[in-house]
Amino acid sequence: MIRKLIAGNWKMNLNPVESETLIKNIVQKIEKKFFDKVDVLICPTYVALEIAARMISGTGIKLGAQNLHYENDGAYTGEISASILKAIGCEYVIIGHSERRKYLHEKNDIINKKIKKAIEFELKPILCVGETFEEREDEIYEGVVEDQLKEGLFEMTDEQIKKVIIAYEPVWAIGTGLNATPTQASDMHAFIGKIVSKLFGDEIANELPILYGGSVNEKNASQILSACGIDGALVGGASLLANEFAEIVKAAYEI
């Protein structure tokens, strides 16, 4: 059975002092027993990663970053490398989030390079896939997600894919207050599993964690996380509120 993973994506929010306060509150709110069944991850901004690493040490909470560059080092102003993230204490990294696809024009081939680089440095990549409202309305959303998977996971070995986590985030549900119904989410998770099975086989597909993201909060978390095929959540706005984030973790624990 795949352990539930609740990951908080803080996006471009909170300065170091604010981050410290939030982390302190999250550590206090999440009961130790929750870690018996649930992996908990926070992904702060780069400037708060070192603070976070220090504050969560020994708590069971894991650390991740929101992006990385596909080169080891060099003249890439404003970017950050896998080796730096690893040195700070990161275990995970989000790759291919829809906001980076939309605003920074990241393509699947770049995302593929980033995933491989993360794995090279023993970081667990969370590959984000999902469709826009228009793509769902036009009923081409399965093709969109299939392309994101095939191209994002292009020429990866079985050993590499075993390190990957998929996050299905319908773009129309991110930050809108909307979310896919449990049936819609389950259907897409099953579809993602089918594509991974075609690419890498049933055994790997059955062990690949697939998270749901898109306006997950303490009110809908239990219903979403109980749906078939959902192995956790990638949480946006609610991860910035210690009480709400802890309630989502609790919901995962109680399933």
Side-chain angles (χ1 to χ4, degrees), residues 1-11 13-66 85-94 118 122-126 162-167 179 182 185 189 207-255:
M1 182 177 178
I2 299 174
R3 283 171 60 88
K4 288 284 193 286
L5 170 62
I6 304 300
N9 178 15
W10 294 10
K11 306 189 180 184
N13 292 294
L14 307 184
N15 63 38
V17 174
E18 293 166 335
S19 298
E20 190 168 352
T21 299
L22 177 58
I23 295 165
K24 180 180 179 181
N25 290 335
I26 287 174
V27 170
Q28 291 175 342
K29 296 290 182 182
I30 296 178
E31 297 182 39
K32 289 184 178 179
K33 67 179 182 180
F34 294 168
F35 296 104
D36 293 340
K37 294 174 61 177
V38 182
D39 290 326
V40 181
L41 168 66
I42 58 171
C43 299
T45 63
Y46 296 137
V47 296
L49 285 174
E50 195 166 6
I51 293 169
R54 171 173 50 81
M55 294 186 69
I56 65 176
S57 178
T59 67
I61 297 173
K62 301 176 185 298
L63 184 65
Q66 299 174 23
L85 296 178
K86 188 71 178 178
I88 289 172
C90 289
E91 296 181 56
Y92 296 75
V93 58
I94 299 170
E122 299 183 338
L123 294 167
K124 297 176 184 178
I126 301 175
K162 288 176 183 178
K163 310 295 184 183
V164 175
I165 298 161
I166 306 292
N179 56 274
H189 282 228
E207 295 298 321
L208 187 77
I210 306 175
L211 314 181
Y212 173 80
S215 296
V216 178
N217 56 49
E218 86 285 6
K219 294 178 181 177
N220 61 32
S222 182
Q223 184 181 35
I224 290 171
L225 292 168
S226 297
C228 181
I230 295 179
D231 300 312
L234 182 56
V235 185
S239 70
L240 300 174
L241 303 168
N243 286 335
E244 287 203 26
F245 190 60
E247 285 298 314
I248 296 169
V249 174
K250 181 181 179 182
Y253 172 79
E254 292 179 343
I255 292 171

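The shown structure was predicted, so the numbers you read here are calculated from the model rather than taken from an experiment. Computed over heavy atoms, backbone and side chain alike; hydrogens, waters and symmetry mates excluded.
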Is any side-chain heavy atom of Ile248 closer than 4.5 Å to one of Val235? yes
Atom CD of residue position Glu254 - does it have more than 12 heavy atoms of other residues, nucleotides or ligands inside 6.0 Å? yes
What are the two closest heavy atoms between Ile230 and Ile224, and how far apart are they? CD1-O, 3.2 Å
Glu218 CD: over 12 foreign heavy atoms closer than 6.0 Å: yes
I would like to know whether Ile30 and Val40 meet side-chain contact (heavy atoms from CB on, under 4.5 Å); could you show each step before the answer? CA-CA 9 Å; Ile30 296 178; Val40 181; 3.9 Å; yes
Taking all non-hydrogen atoms of both residues, which atom of Cys43 and which atom of Ile94 are closest, and how far apart? SG-CD1, 3.9 Å
Is the shortest heavy-atom distance from the side chain of Leu22 to the side chain of Phe245 under 4.5 Å? no
Is the number of heavy atoms from other residues, nucleotides or ligands under 6.0 Å of Glu207 CD greater than 12? no
Does NZ belonging to Lys250 count more than 12 external heavy atoms closer than 6.0 Å? no
Chi angles and distances behind the side-chain contact (heavy atoms from CB on, under 4.5 Å) call for Ile56, Ile42: CA-CA 10 Å; Ile56 65 176; Ile42 58 171; 4.1 Å; yes
For side-chain contact (heavy atoms from CB on, under 4.5 Å), just list the numbers for Met55 and Val27, CA-CA rounded to whole Å, side-chain angles, deciding distance to a tenth of an Å, and then say yes or no. CA-CA 9 Å; Met55 294 186 69; Val27 170; 5.9 Å; no
Give the minimum heavy-atom separation between Leu234 and Ala167, together with the two atoms involved. CD2-CB, 4.0 Å
For atom NZ of Lys29, decide whether the heavy atoms of other residues, nucleotides or ligands shown that lie under 6.0 angstrom number more than 12. no
Donor-acceptor contact present, side-chain Asn25 to main-chain Gln28, <3.5 Å: no
If you draw a 6.0 Å radius around NZ in Lys37, do more than 12 non-hydrogen atoms from other residues or ligands fall strictly inside? yes
For a quick test of reading the model, state the closest non-hydrogen atom pair linking Asn13 to Thr45 and the distance between them. O-CG2, 3.5 Å
